[in-house]
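Only one structure is covered here, and it is reproduced in the block below.
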Amino acid sequence: MDEVMDYDEVLERFDPVLGLEVHVELSTNTKMFCGCPTTFGAEPNTQVCPVCLGLPGALPVLNGMAVESAIRIGLSLGCEIAEWCRFARKNYFYPDMPKNFQTSQYDEPIAFNGKLDLELEDGTVVEVGIERAHMEEDTGKSLHVGGATGRIHGAEHSLLDYNRAGVPLIEIVTKPIVGTGARAPELARAYVTALRDLLRALEVSDVRMDQGSLRCDANVSLMPSGTTEFGTRTETKNVNSLRSVERAVRYEMTRQAAVLAGGGSILQETRHFDESTGTTSAGRRKETSEDYRYFPEPDLVPIAPSTEWVEKVRATLPEMPWQRRKRIQADWQLSDLELRDLVNAGAVDLVASTVDAGASPSEARAWWVNYLSQEANSRGVDLGDLSITPAQVARVAALVASGSLTNKLAREVVDGVLAGEGEPDEVVEKRGLAVVSDDSALYAAIDEALAAQPDVADKIRGGKVAAAGAIVGAVMKATKGKADAKRVRDLILERCG
Ligand code: ADP
Ligand code: MG
Ligand code: ZN
């Protein structure tokens, strides 16, 4: 177990520097250099061909959609788009990469020198510089079997799935982020959130951190307070949720501070984040770029996007998340605070989609910001990773609006959907949750309750309307809470003249 320093002390003695590398898998139909499909979750090794298996003599052909997506991403990050750039071979051996090199971009990225503005929880806006966004291909996946940790150490054997090999990736790299102090962990999370929302709006990726289509490596270093020369960084990998990004940065700050304060030095290495303990452990010593023997890819022609093409792509950029937030605030008449709650809950897109699916803005907000956020918190997952869709939430809201469900029953329906019991209507059916809206059934229950409590019945008949509460209670009990209390009350008063 590594020693860590108390967080407040870290901040008194050191200033953190951050660098965030985000890999995003593009949602193109086919891979970067061949026609294989990219569907997630297919049977292992069913989406492969000689090109992505790296068989001798196979030649790559560049996917035009992937280049267009890279340009879209670059433009929306305010980057310059290279007039001319190339792919390069990054040479290293690993079993999940059968060519023995990764086709990537090195010193000639397609997009460079941009920025992304983010809003922190209290509304402060911070500008993060973007160094570059470049194209590359994903590797296959190794599955290490037999060990306790699922990592290669201690495993009995490993399995390889090349379905992911060659899936188009864009790597987006920030400039070093300085001057954030105590808020470095929060900023790291806010950055990945903002980038995810942007990529989702661009419709270039499904940005599922839980499925690995959005992955973040967090570089962290410390320098003694008041100095400006960067310390040695570590690069924490395997950070699979927004919450983990924040935790990983914070943990690394406290671990590195303890090492430095004890007179030690930080090794430039990759580290592995462990979700269950919230700690990082050493990975491999970091290679330098010389180790990779980069050289221009001879099997692919250079990319030279014309100005016309770039401008055409620019003209098709969608409404950006920050513009959308402004518009939504006006359309739904939200206060700054209400908007911020929505943003902080990571719920803007979800609520907007729920409204698009027919719910009212206030209903949609109530579900996502209150009930579902709590569910996500208690499960330790991000809101968007809950297994319920905006369309399903909208359906539940519609059932409430039409009187088929009470709010209480609606929550049970949502619980059922989250538990994988199917669509809202199926859950209503299977769990028998529909409100008893059949008046004859309600009259029967009311008559029974009135007969059982004749003194109460007399009071109501005598004009004591407040006494109806007892009968409402009895009817609700008889219908196991599946009646609309207001309707029951109206029927009781009607019954008693
Ligand atoms: P690598 O190939 O080693 O992953 P990259 O250039 O892709 O390197 O990414 C390194 C990231 O770390 C960038 O975001 C960069 O801004 C950031 N960075 C560079 N030096 C430091 C440092 N000393 N401390 C923290 N972050 C750093
Ligand atoms: Mg990198
Ligand atoms: Zn292929």
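Ligands are counted one by one from 1 in listed order, and the atoms in each one are counted from 1 as well.
Per-residue contacts place E235 under 4.0 angstrom from the following atoms of ligand 1 (heavy atoms of the residue considered): 3 (O), 4 (O). Below 4.0 Å from some heavy atom of N219 lie the following atoms of ligand 1, by number and element: 10 (C), 11 (C), 12 (O), 26 (N). Counting the atoms of ligand 1 from 1 in the order shown, those under 4.0 Å from a heavy atom of V173 are 9 (O), 13 (C), 14 (O). Near K175, the atoms of ligand 1 lying under 4.0 angstrom from a non-hydrogen atom of the residue are 16 (O). For ligand 1 and T174, the ligand atoms under 4.0 Å from any heavy atom of the residue are 13 (C), 14 (O), 15 (C), 16 (O). Heavy-atom contacts of L20 reach the following atoms of ligand 1: 14 (O) (cutoff under 4.0 Å).
The N/O atoms of E21, backbone and side chain alike, include one that comes under 3.5 Å of an N/O atom in ligand 1. Between P176 and ligand 1, an N or O atom pair is found at a separation short of 3.5 Å. Looking at F230 next to ligand 1, no N or O pair under 3.5 Å apart turns up.
In this structure, R89 forms a cation-pi arrangement with F101, its terminal cationic atom sitting closer than 6.0 Å to the ring centre and no more than 45° off the ring axis. For the pair K90 and Y294, the cation-pi test (distance below 6.0 Å, angle within 45°) is failed.
Neither the backbone nor the side chain of T232 has a heavy atom within less than 4.0 Å of ligand 1. Heavy atoms of I177 found under 4.0 angstrom from ligand 1: none, in either backbone or side chain. No part of M223 comes within 4.0 Å of ligand 1, judged by heavy-atom distances. Only the side chain of E171 comes within 4.0 Å of ligand 1, counting heavy atoms alone; its backbone N, CA, C and O stay farther away.
Summarising the local packing, CD of E127 is surrounded by more than 12 heavy atoms from other residues, nucleotides or ligands at distances under 6.0 Å.
A side chain to side chain contact (heavy atoms under 4.5 Å, CB included) with C79 holds for exactly one of I130, I71, I73; it is I130. Evaluated for a side chain to side chain contact (heavy atoms under 4.5 Å, CB included) with R215, the options K237, E21, E25 yield exactly one hit, E25. Screening E3, M5, R271 for a side chain to side chain contact (heavy atoms under 4.5 Å, CB included) with R255, the sole residue that qualifies is R271.
The angle C49:SG - the Zn ion (ligand 3) - C36:SG amounts to 100°, with values rounded to 10 degrees.
Counting heavy atoms from C-beta outward, L242 and M209 have side chains that approach closer than 4.5 Å.
Taking a 4.0 Å cut-off on heavy atoms, Q268 fails to register as neighbouring ligand 1.
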From CA spacing to verdict: side-chain contact (heavy atoms from CB on, under 4.5 Å), L198, M320: CA-CA 7 Å; L198 174 63; M320 297 291 152; 3.5 Å; yes
CA sep, side-chain torsions, deciding dist, call: W367, T354, side-chain contact (heavy atoms from CB on, under 4.5 Å): CA-CA 10 Å; W367 277 112; T354 306; over 6 Å; no
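Summarising the geometry of E137 relative to T103, their closest heavy-atom pair is OE2-N, 2.8 Å, with the distance given to 0.1 Å.
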